[in-house]
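Below: the structure, in structure tokens.
Heavy-atom basis, side chains included; hydrogens, waters and symmetry copies ignored. Read the numbers this way: they start at 1 and go in the same order the structure lists the ligands and their atoms.
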Amino acid sequence: MYRKLIYLHFKMRVLYPSYSVYFQLHMPNVRQSSTSTAAIYTEKRVPANFSEIPIDRIRNFSIIAHVDHGKSTLADRILELTGAIPRNSGAQFLDSLQVERERGITVKAQTASIIHTYKNQQYLLNLIDTPGHVDFSNEVSRSLAACDGVVMLVDACHGVQAQTVANYQLAKMRNLAIIPVLNKIDIKHANPDRVRKDLHSLFGIDPNTVLKVSAKMGVNITTVLDSVIEKIPPPLVDRSSPFRALIFDSWFDKYRGALNLIYILNGTLKVGQEIQSMATKKSYSVKGITILCPNESQVESISAGQVGLLACNMRNSKESIIGDTIHRKNENVIPAVSFKRQQPMVYAGVYPADQSKHLALRSAIEKLVLNDSAVTVKVDSSPALGQGWRLGFLGLLHMEVFCQRLEQEYGADPVITAPSVTYRIVFKNPKIIKQMGKDTLELSNAALFPEPFNVKEYYEPLVKVGTIITPTEYMGQIISLCVDRRGIQESSINIDDERILMKYILPLSEIILDFNDHLKSISSGYASFNYEDYGYHLTNIVRLDIHLNGRPVEELCRIVHVSKASTIAREMVTKLQELIPRQMVQIAIQACVGGKVLARETIKAYRKDVTAKLYGGDVTRRMKLLKQQAEGKKKMRMFANIRVPHETFINVLKR
Ligand code: GTP
């Protein structure tokens, strides 16, 4: 009987997505499989006349801004005001991932279709809340492909920041309507007049057109929505031509496979129709269409100008391709104008902790890549770590978030190697050149660094424009930081009496790990930073090995600039001495280049068992301590007899 009930429950979930919603509402303790839709479902449904809303009453827009300028808070207020979610649904409603809640940042753009009444007419607004951190800028560019305008939010205290400039340029490049909005006007030391002046001097925005809101207090939110309707044009689409849609997001659902978020450019799509992917030429039958309001709500059809979620039995990221155009089977249509995919900046090896978990980790990576199309995946192997993958990320935060999601959402426990940029190595040894069939190798895995006597030249990637916006009082310290990181100043422009915009050329390897943290700490959080690719330039690099009790640890070896080898060697051994806990044996930590020891530290052995004296009445405490030790061990990697905590591999790289 019980088995039958379980079978029926799963069948209902597969056949009827709305059953999942009902299930979640009534059994909140049971986890949903979909990770990308808002975590808490509400009773709100799409209006009955949804598909009849004419194109001229549709507006598609994103909220863009620098980190923490209040995008998600504004999205909350908009959702509340339009009745999409009840008031007090919890802060940052659309930030539904565990990692977003824990870190307090948006890492994933989220869509919501809402209805706003303006001059007694109902308008359909498709809103996308985007992340603000530079590492997730891919999310912004793909979101803008489904928009006709943006709400550009600027913090009235901090003013224009690096990511404001970058996002403004992205929106301009796509010819989108821009609604400038100053947020946080409720804060005492907010300076809206100064920020409006900056917007004028940097972007030529008329100060009188800048709206002033407080997302937190809910002040002037209706004005923002009214401006969206007045200033953003309706989508330039046609419902009478053959169906064509752009896939601009996707994620994995346990029961429905890959779900695609699509923006309909032409025609109408109905459940049951046959569609085809332009990229893979494969065809599928439409199993279900839902609208995110922000909860999933089933509809029978969806028309040009609208955004919806399509389930059609696609299985993985090889079938569900972000930027792909879908159309009716065997019909010829022109591809949708897509967006520029960002090139990864940082690479790291990801390996299963033991090879028996290889398949599970592969499946977890495949599913997560569906939800994070900026990550590149290449099969890789290492003598010490076995079969694994080399993943490309847009930055260190992107990498940390991806790995955290692998653990939290898929229960994976992978080994991650030190992140590195890709170097270009030109060989001089004719034997190697003949073997490879070329003289140049692109290398990001330090473990594969070649012997120096075989190499003619090394090249490293630089970043073209480091746009650093800072109050003038921090300028001196910031210049020192850039010089320390081998930076060359290009220009510096005064935005106003108090703020300066500097441009630098910096090696990518010097900024990916902790440059942003240092910049924030020396400028009390005021300076901000943004960068883009500047190609490869000649350099001089070596491989720095770390040995624990004489044994090389592949996860910790790094490629470093010659001028920094001794300093980094010293910093790494000191840091490892702090990070590795004392153990039963003495641990010698050495940093070496080509067999020569550059730095060394020792961690002394424990003398006593800390639990040894706990007996009699202390038995529960002893059990607790032993349990804690056992749990601690789980999150450690073993090298010979030495236990190294998981987070050491990343923390040791931060200077
Ligand atoms: P990311 O997506 O991570 O870039 O952040 P965000 O731009 O979505 O900012 P978020 O909405 O998470 O807000 C950041 C912080 O600013 C939160 O602590 C909010 O409570 C606060 N905040 C947002 N809007 C206002 C406002 O109008 N007034 C005040 N005082 N605080 C605000």
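- Counting the atoms of ligand 1 from 1 in the order shown, those under 4.0 Å from a heavy atom of Lys71 are 1 (P), 2 (O), 4 (O), 6 (P), 7 (O), 8 (O), 9 (O), 11 (O).
- Contact atoms of ligand 1 toward Gly132: 4 (O) (distance under 4.0 Å to a heavy atom of the residue).
- Annotation for ligand 1: atoms under 4.0 Å from non-hydrogen atoms of Asp186 are 26 (C), 27 (O), 28 (N), 29 (C), 30 (N).
- Residue Thr73 touches ligand 1 through backbone and side chain together, judged by heavy-atom distances below 4.0 Å.
- Under the 30°/60° scheme for interplanar angles, the aromatic rings of Tyr168 and Phe203 are found to lie parallel.
- Ion pairing between Asp249 and Arg142 holds under the 4.0 Å rule for side-chain N and carboxylate O.
- Checking His116 against Asp226 by side-chain atom types alone, a donor-acceptor pair falls below 3.5 Å.
- Looking at Asp68 against ligand 1, both its backbone and its side chain come within 4.0 Å, counting heavy atoms.
- At a heavy-atom distance under 4.0 Å, atoms from both the backbone and the side chain of Val67 approach ligand 1.
- Ser214 pairs in a side chain to side chain donor-acceptor pair (under 3.5 Å) with only one of the listed residues (Asp186, Asn220, Asn183), which is Asp186.
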Take Gln161 and His69 through the side-chain contact (heavy atoms from CB on, under 4.5 Å) test and state the conclusion after the steps.
CA-CA 10 Å; Gln161 302 270 291; His69 281 204; 3.6 Å; yes
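- Nearest to atom 32 (C) of ligand 1 by heavy atom, out of Met217, Lys184, His66, Lys188, is Lys184.
- With a 4.0 Å heavy-atom cut-off, ligand 1 is reached by the backbone of His69 but not by any atom from C-beta on.
- Salt bridge annotation for Lys71-Asp129: absent, with no cationic side-chain nitrogen under 4.0 angstrom from a carboxylate oxygen.
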